[in-house]
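Since the structure comes first, as structure tokens, the remarks are kept for the end.
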Amino acid sequence: MNSTSDVRTREDLVREYKAILRELVDLRPSGTRQKIAEALDKHKSFVSQITNPTYSVPIPADDVPVIVKVCHLSPAERQRFLTAYAAAHPNRSTGGSGGSSRKAAPSAGRQVVITMPDLGDTELEAYLEDTIRQTAKRLINLARRRQAKD
């Protein structure tokens, strides 16, 4: 455990699950990246970022179930990918349930679509999308807490 080869950073772990995802997507029919982009309501460039280990952009937890579904991962492939994802993000739930033990389906609830302009900077676009997603999660959690009090 004391050797430097045993110490993996969060970035290493993110690269690992992104490499696994890229490998799995590459095994799928052509057009899979486009299908993922459409299912996530994102630009195809975002999908290229989340499937490329050289980019540090992590996959948002709420996107994981959608990706798994669109890619039709086998149980073994799903387990391999989700295990690597959980190692990189131990405090994130990939069910989108906001702390509930029930795993919500990607289609559960209402979906709000926000159209963003092409800013010409994929890293900035990914950052902005993630910021909007995180802000929405916080607002939803506040609304749920308020509703639970009533």
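Heavy-atom basis, side chains included; hydrogens, waters and symmetry copies ignored. The chain is numbered in sequence order, starting from 1.
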Rounded distance [0.5 Å steps], CD in Gln34 versus NE2 in His43: 11.0 Å
In terms of hydrophobic clusters joined by side-chain contacts under 4.5 Å, are Leu40 and Leu82 together? yes
Once rounded to the nearest 0.5 Å, what's the spacing between atom CG of Asp121 and atom OG of Ser45? 10.0 Å
Are Leu124 and Ile132 connected in the hydrophobic side-chain network, where two residues link if heavy atoms are under 4.5 Å apart? yes
Within-4.5 Å side-chain heavy-atom neighbours: Phe46 and Glu125: no
Counting distance only, does the side-chain N/O of Lys18 pair as donor-acceptor with the main-chain N or O of Ile59 below 3.5 Å? no
Val66 with Leu73, same ILVMFWY side-chain cluster at under 4.5 Å: yes
State the OG-CG distance between Ser74 and Leu24, to the nearest 0.5 angstrom. 8.0 Å
Do Leu13 and Ile50 belong to the same hydrophobic cluster, where Ile, Leu, Val, Met, Phe, Trp and Tyr are linked whenever their side-chain heavy atoms lie under 4.5 Å apart, directly or via other members? no
Any chance you could measure Arg33, atom CZ, to Thr51, atom OG1, to the nearest 0.5 Å? 4.5 Å
Is any side-chain heavy atom of Ile36 closer than 4.5 Å to a side-chain heavy atom of Cys71? yes
Just checking, is any N or O donor in the side chain of Thr122 or Gln49 under 3.5 Å from an acceptor N or O on the other one? yes
Rounded to the nearest 0.5 Å, the CZ atom of Arg15 sits from the OG atom of Ser56 at a distance of 9.0 Å
Considering only NZ, NE, NH1 and NH2 on the basic side and carboxylate oxygens on the acidic side, decide whether Lys137 and Asp130 come within less than 4.0 Å. no
Sequence-distant partners of Glu123, salt bridge (Lys or Arg N to Asp or Glu O under 4.0 Å), two or more places apart: none
Report yes or no: does Asn141 contribute a side-chain atom to a donor-acceptor pair with the main-chain N or O of Arg138 at less than 3.5 Å? no
Got a donor-acceptor contact below 3.5 angstrom from the Tyr85 side chain to the Val14 backbone? no
Could you report the tightest heavy-atom contact between Pro90 and Ala87, atom names first, then the distance? CD-O, 3.8 Å
Would you call Arg8 and Glu16 a salt bridge, taking side-chain N to carboxylate O under 4.0 Å as the test? yes
Should Val64 and Phe81 be marked as a side chain to side chain contact (heavy atoms under 4.5 Å, CB included) after you check the CA-CA gap, both sets of side-chain angles, and the distance that decides it? CA-CA 10 Å; Val64 172; Phe81 172 66; 3.9 Å; yes
Could you check whether Glu23 pairs with Arg80 (Lys NZ or Arg NE/NH1/NH2 to Asp/Glu carboxylate O, under 4.0 Å)? yes
Check: Tyr55 and Ser48 side chains under 4.5 Å, non-hydrogen atoms: no
Is it the case that over 12 heavy atoms from other parts of the model lie below 6.0 angstrom from the CD atom of Gln134? yes
Side chains of Glu38 and Lys44: closer than 4.5 Å at any heavy-atom pair? no
Test log, rule salt bridge (Lys or Arg N to Asp or Glu O under 4.0 Å), inputs Glu77 and Arg28: CA-CA 12 Å; Glu77 290 171 332; Arg28 299 314 185 258; 2.4 Å; yes
